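Before any comments, here is the structure.
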Amino acid sequence: MYMANLRITEWRKLPVSLAELCLDTTLRCGQSFRWKKLRDNEWSCALHGRILSLKQDSTHLHYRSIRPTTTYPLSPPSSATPSVVDCSSEDEETEALLRHYLNLAPDLTGLYEQWSKVDSNFKKRAPKFTGVRILKQDAWEALVGFICSSNNNIVRISQMVNNLCLHYGPLVGHIDDQAFHGFPSPESLTGPGVESHLRELGFGYRAGYIARTASIVAKEKPEGWLQTLCNEEPYDDSPDQKPLPEGGREGYRRAHEELLQLQGVGPKVADCVCLMGLGWGEAVPVDTHVWQIAQRDYKFGKGKHKSLTKATYDAVGDHFRQLWGKEAGWAHSVLFAADLKAFSERLTTKLEVDVDEVKIKQEDETILEAKLVVKREYALHDVKGESEEQPAKVMVESTRSQRAKRRRVG
DNA sequence: CTGTCTCCTCATTC
DNA sequence: AGAATGAGGAGAC
């Protein structure tokens, strides 16, 4: 069995508010499929040859990495680009990787304010879904993940992607006996037995799509082809920038068109890859969910655009781009998350939290201080928020004594 | 329950 | 007129 020397860095932190990034929503809303919640509030994933772990409190994002000391050189010569920042320490390199992957540059709070200003529906639904940030995932990983997403749900997609990594991806390390594998390269999915193997693993008709797409990317396209479709513009949030062209920027349209050539990639999957893997903020993936939102809240589904045809698909995207602007795909993901069944408890539950300091005088004349956390859940009748008189559920979360201070009394 | 592909019909075009 | 083209729908995967 392979055992590597591992280097575990200490936890470090970045000042990031929950409004700028909510891990729980962002990592579960169906844009990435590999993050594992091992302990409460702690997420881990194998990225760039290391295991990255994240957790957060109301003011900071905490992170650490675990990686082999011998394998995975810091900057593989093949992928090095002239503009790569030379990091003097591993911690700085991990921080740079985090800032890039979590896409921390855009001011999400400011964007929410802008979208709320122009769209009353967004303003109504967004408050319970703050901190939904679009990740900058690896384009190849995003492509395969979203090929798996057709006719599928988030839990099953995650199982499929996990299986793909387990059988075809490199082992990076373990946390508590839990193995972490990196995402397999296109080359590693080009073997003759891949399609039938993936069928045995439960991929269904997507097995053929993945095998054929892997072959096209690995053999027919030039090295680094996917990356050439990336948005290279630095993020710009100045108030006066040139207006977004109808249908999106030229680079986005070209990327979308190129992706459509691949097997198993239609307009929706192509938009997912454009938005979450290639950095095109105006890409608006319209799935059945978004189509229902467009009909319910944005007057689609009547006259022309009665069903979700190609023409309707483009019209919905154009409408949202015109309404929300250059990062329309980001706003779209907020409403998408707000409609996910996995998050529906936020719409039907009101949570009150009381924290009481309790002081208990003990027999030996010392005082024991304890923190008592009481949570009350109220069932709501509707989204607007009329609560029941009585809490549906009361939980006493912790009665652990914070510290037992010894004090002289009197 | 976060689509895509193929094949088919039917309307439009020249 | 009749082939070419393309949108739209149904069913398979």
Side-chain angles (χ1 to χ4, degrees), chain A residues 25-35 125 129 132-135 137 141-162 194-217 256-278 280 283-298 300-317 320 328-344:
Chain A
T25 316
T26 299
L27 299 183
R28 292 198 300 138
C29 71
Q31 55 169 320
S32 61
F33 305 102
R34 283 195 308 132
W35 286 91
R125 301 189 188 274
F129 295 88
V132 179
R133 186 168 283 276
I134 296 297
L135 305 172
Q137 300 182 74
E141 174 174 349
L143 175 57
V144 175
F146 288 110
I147 285 176
C148 292
S149 75
S150 70
N151 248 329
N152 214 341
N153 59 72
I154 295 173
V155 172
R156 180 154 174 252
I157 300 165
S158 300
Q159 289 169 348
M160 288 163 64
V161 170
N162 193 48
V194 169
E195 177 173 349
S196 58
H197 185 207
L198 291 182
R199 279 190 187 278
E200 291 169 13
L201 291 175
F203 280 69
Y205 61 87
R206 304 162 198 88
Y209 291 161
I210 292 172
R212 280 188 278 173
T213 293
S215 287
I216 293 174
V217 172
H256 194 269
E257 190 180 312
E258 292 275 323
L259 288 169
L260 287 182
Q261 298 170 5
L262 301 170
Q263 282 298 315
V265 180
K268 189 270 180 181
V269 169
D271 270 327
C272 286
V273 177
C274 282
L275 178 63
M276 298 156 194
L278 297 173
W280 296 107
V284 179
V286 181
D287 53 35
T288 56
H289 233 76
V290 174
W291 173 231
Q292 283 171 20
I293 293 171
Q295 293 176 89
R296 186 190 64 199
D297 301 328
Y298 298 92
F300 276 88
K302 304 169 196 166
K304 187 173 164 57
H305 308 319
K306 203 163 162 59
S307 67
L308 187 48
T309 63
K310 178 75 176 94
T312 306
Y313 185 100
D314 292 338
V316 171
F320 286 139
W330 290 55
H332 138 282
S333 296
V334 176
L335 296 190
F336 178 83
D339 255 41
L340 270 183
K341 215 164 63 181
F343 298 139
S344 62

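The model shown is predicted, which means the values in this text are computed figures rather than measured ones. Labels below follow one simple rule: chain letters A, B, ... track the order of the sequence lines, proteins then strands, and each chain is numbered from 1.
- Inter-residue side-chain proximity for T26(A) and Q31(A) is flagged as met; some heavy-atom pair is nearer than 4.5 Å.
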What donor-acceptor contacts under 3.5 angstrom involve side-chain atoms of residues 329-337 of chain A, with partners at least two apart or in another chain?
from    : atom 1 : to      : atom 2 : distance (Å)
H332(A) : ND1    : G329(A) : O      : 3.1
H332(A) : NE2    : P285(A) : O      : 3.0
S333(A) : OG     : G329(A) : O      : 3.0

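- Contact annotation: the side chain of I216(A) never approaches that of Q261(A) to less than 4.5 Å [non-hydrogen atoms, C-beta and beyond].
- Under the 4.5 Å side-chain criterion, counting only non-hydrogen atoms from C-beta, R296(A) is in contact with D339(A).
- Here the straight-line distance linking atom SG of C29(A) with atom CG of L135(A) works out to 7.5 Å at 0.5 Å rounding.
- Listed pair S150(A) / dT2(B) fails the phosphate criterion, with no side-chain N or O lying under 4.0 Å from OP1 or OP2.
- With sequence neighbours left out, F320(A) forms a ring pair (Phe, Tyr, Trp, His ring centres under 6.0 Å) with Y298(A), W324(A).
- Across all strands, P285(A) comes closer than 4.0 Å to no nucleic acid atom at all (heavy-atom distances).
- Dashed line: the shortest gap from a side-chain N or O of S149(A) to OP1 or OP2 of dG3(B) is not under 4.0 Å.
- With rounding to whole Å, L308(A) atom CG is found 16 Å from dA10(C) atom C1'.
- Listed by first and then second residue, the salt bridge (charged side-chain N to carboxylate O under 4.0 Å, His left out) pairs that reach into residues 141-153 of chain A are R34(A)-E141(A), sequence neighbours excluded.
- In this structure, L262(A) reaches the sugar-phosphate backbone alone: every heavy-atom distance under 4.0 Å involves primed, P, OP1 or OP2 atoms, never a base.
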Do any N or O atoms of the protein come closer than 3.5 Å to N or O atoms of nucleotides 11-13 of chain C, and which pairs are they?
none

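- Rounded to whole angstrom, the span from the CD1 atom of I157(A) across to the C1' atom of dC1(B) amounts to 10 Å.
- Note on K341(A): a side-chain N or O is less than 4.0 Å away from OP1 or OP2 of dC1(B).
- Heavy atoms of C148(A) sit nowhere under 4.0 angstrom from any nucleic acid atom.
- Phosphate proximity of dG8(C) to T309(A): present, with a side-chain N or O under 4.0 Å from OP1 or OP2.
- Atom CD in Q292(A) sits 11.0 Å away from atom CG in D297(A) (nearest 0.5 Å).
- Distance L259(A) CG to dC5(B) P: 12 Å, rounded to the nearest Å.
- In terms of the ring pair (Phe, Tyr, Trp, His ring centres under 6.0 Å) criterion, Y313(A) has no residue partners (sequence neighbours excluded).
- The distance between atom NZ of K310(A) and atom P of dA7(C), rounded to the nearest whole Å, is 9 Å.
- Using a 4.0 Å heavy-atom criterion, one finds that V290(A) contacts no nucleic acid atom at all.
- In the helix from dG3(B)-dC13(C) to dC14(B)-dG2(C), the terminal helix axes, each the rotation mapping four pairs' C1' atoms onto the next four within five end pairs, subtend 10°, rounded to 10°.
- Ring geometry for F129(A) versus F343(A): interplanar angle of 30 to 60°, hence tilted.
- Counting non-hydrogen atoms under 4.0 angstrom, I147(A) reaches nothing in the nucleic acid.
- Across the protein-nucleic acid pair, I134(A) atom CD1 and dT2(B) atom P stand 17 Å apart, rounded to whole Å.
- Taking every side-chain heavy atom of V269(A) into account, dG3(B) is the closest of dG8(C), dT2(B), dG3(B).
- Rounding to whole angstrom units, CE of residue M160(A) and P of dC1(B) are separated by 16 Å.
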